[in-house]
A.B. asks: 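Take a look at this one; I'll ask things after.
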Number of protein chains: 2
Amino acid sequence: MDSIKPEDSRKSRETFKEFLTQQGLRVTNQRTAIFDAAFNQEEHFTAEDLLDFSREIDRSVSRATVYRTLPILTEGGLLKEIDVGRDYKFYLANRGQKTEQAQVICQDCEKIFEIEAPFMEWYARSVAQKVGLEPVSQRLQVHAHCIRLKEDGICPNSDS
Amino acid sequence: MDSIKPEDSRKSRETFKEFLTQQGLRVTNQRTAIFDAAFNQEEHFTAEDLLDFSREIDRSVSRATVYRTLPILTEGGLLKEIDVGRDYKFYLANRGQKTEQAQVICQDCEKIFEIEAPFMEWYARSVAQKVGLEPVSQRLQVHAHCIRLKEDGICPNSDS
DNA sequence: ACTAATTTGAGAATAAATCCCACTTTTCCA
DNA sequence: TGGAAAAGTGGGATTTATTCTCAAATTAGT
């Protein structure tokens, strides 16, 4: 439903170009295509997904470049990297949400929800302080079952 | 310092054998060696570590069997599996601690601390309920820096 | 002990991610 | 603007943790 409006995507593409030059990196067609592809997605995606999406924009994008660009984007805070313990990672466009978000993973439909988790930073700090450490980042993952699945035999989150 | 006492290890080995038969699995030398090796460790270890430790007990243990036994142990709740986003997993003998523990990972010395995290289950539930999900398990990871490193240039956790 | 079913070891296979290197593109300043 | 130096790229080989395969060995119940 909430598709990204052209103005928005144009603006964020500018932000990306500024970001690259600021980092002393060059603006290339491939990097722009990868960035655009990533920010076209509303949901989580894998590196392989991103390769496909990027190629729809620029046929020449290679797997190597996707894997080279991903750490640039995640370390720059433009993309969120999510590891739910599978043998590949998920990524999500960071559209400036709060940093205090937890991942709730539905074990019935495999969907990942990004849910606000108030005071998570404060809570993580209180835990880390017990061993004299200063948090840099924290992540809370909740593996869960759908309540309605038990009752109705249907997971309302799964692809209907 | 706190080495495991013979009585303890004997008792837990019995528990393990009961566990296996209860699951309809056979008690083999290899599985026993792997179990003992795991419960000799006070700290986190990798699958490869466990292969080495197991071979010190029973030379014949193979990598395949270690990898086959690990899911039996983790799914049975005897071992805790920890994924801190590297390309291999860590494991830890579950000696019946509280389930409410967070992993605090020191980014200076790479050490992983298992720290009590009160009310984590309650907190995870409150987050999951926002999307109508019922938590099965939750994990909180805090990536952190050592406070004393900044001040003294020394990470007191690192191998001195 | 005997037999059927389970388990094992060794090495091949898998798959995500990384590396290599000749070739292309970008940048920038003369 | 042009042209060289630096940075970036594609494609395929490589790496590495983990999984698979299958013949041989071991276990558990008779």
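The sequence lines fix the lettering, A, B, ..., with proteins before strands; numbering per chain opens at 1. Worth knowing before you read on, the calculation uses all heavy atoms, side chains too, and leaves out hydrogens, waters and symmetry mates. Here the structure is a predicted model, which is why all the values come from computation and not from measurement.
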A.B. asks: If the condition is ring pair (Phe, Tyr, Trp, His ring centres under 6.0 Å), which residues does A:Phe19 pass it with, not counting sequence neighbours?
C.D. replies: none
A.B. asks: By the rule that ILVMFWY residues connect when side-chain heavy atoms come within less than 4.5 angstrom, directly or transitively, which residues belong alongside A:Tyr88?
C.D. replies: A:Ile82, A:Val84, A:Phe90, A:Leu92, A:Ile105, A:Ile112
A.B. asks: Write down the distance between OH (A:Tyr88) and P (D:dT18), rounded to a whole number of angstrom.
C.D. replies: 16 Å
A.B. asks: List in chain and number order the residues that pass side chain to side chain donor-acceptor pair (under 3.5 Å) with B:Asp49, two or more places apart in sequence or in another chain; answer none if no residue qualifies.
C.D. replies: B:Thr46
A.B. asks: Are B:Gln22 and B:Lys17 close enough, and set up right, to give a side chain to side chain contact (heavy atoms under 4.5 Å, CB included), and what steps lead you there?
C.D. replies: CA-CA 8 Å; B:Gln22 194 178 340; B:Lys17 289 184 178 170; over 6 Å; no
A.B. asks: Would A:Lys111 pass as a cation-pi partner of A:Phe113, given that its NZ or CZ must be under 6.0 Å from the six-membered ring centre and within 45 degrees of the axis?
C.D. replies: yes
A.B. asks: Excluding sequence neighbours, so at least two apart, what forms side chain to side chain donor-acceptor pair (under 3.5 Å) with A:Glu43?
C.D. replies: none
A.B. asks: Of all nucleotides in DNA chain C with an atom under 4.0 Å from a non-hydrogen atom of chain A, which is the first and which the last going 5' to 3'?
C.D. replies: C:dA16 to C:dT27
A.B. asks: Of all of residues 45-78 of chain B, which get a heavy atom below 4.0 angstrom from DNA chain C, listed by number?
C.D. replies: B:Ser60, B:Val61, B:Ser62, B:Ala64, B:Thr65, B:Arg68
A.B. asks: Please list, chain by chain and in numerical order, all residues satisfying side chain to side chain contact (heavy atoms under 4.5 Å, CB included) with A:Ala117, sequence neighbours excluded.
C.D. replies: A:Ala102, A:Met120, B:Tyr123, B:Val127
A.B. asks: I'd like to know if the side chain of B:Asp108 reaches the main chain of B:Cys146, judged simply by a donor and an acceptor atom lying under 3.5 Å from each other, with no hydrogens or angles considered.
C.D. replies: yes
A.B. asks: Who pairs with A:Tyr67 by side chain to side chain contact (heavy atoms under 4.5 Å, CB included), at least two apart in sequence or on another chain?
C.D. replies: A:Ala47, A:Glu48, A:Arg63
A.B. asks: Is B:Ile57 isolated, or which residues cluster with it under the ILVMFWY side-chain rule of less than 4.5 Å, directly or via members?
C.D. replies: none
A.B. asks: Both A:Asn29 and B:Thr21 contact DNA chain D. Which one's nearest nucleotide lies toward the 5' end?
C.D. replies: A:Asn29
A.B. asks: Tell me: CZ of A:Arg86 to P of D:dT19, nearest whole Å?
C.D. replies: 15 Å
A.B. asks: Determine to 10° how strongly the helix from C:dA1-D:dT30 to C:dA30-D:dT1 is bent, judged from the axes of its five-pair ends.
C.D. replies: 30°
A.B. asks: Please check this pair: side chain of B:Ser54 against backbone of B:Leu50, looking for a donor-acceptor N/O pair closer than 3.5 Å.
C.D. replies: yes
A.B. asks: A:Gln103 and side chain to side chain donor-acceptor pair (under 3.5 Å): which partner among A:Glu114, A:Arg139, A:His44, A:Gln141?
C.D. replies: A:Glu114
A.B. asks: Taking distance alone, no hydrogens or angles, what donor-acceptor pairs closer than 3.5 Å link side-chain atoms of residues 70-77 of chain B to residues at least two apart or in another chain?
C.D. replies:
{"residue": "B:Thr74", "atom": "OG1", "partner": "B:Leu70", "partner atom": "O", "Å": "3.1"}
{"residue": "B:Thr74", "atom": "OG1", "partner": "B:Pro71", "partner atom": "O", "Å": "3.3"}

A.B. asks: Could you list all N or O pairs between the protein and nucleotides 13-16 of chain D that sit under 3.5 Å apart?
C.D. replies:
none

A.B. asks: Mind calculating the distance between CZ (A:Arg26) and P (D:dT9) to the nearest angstrom?
C.D. replies: 10 Å
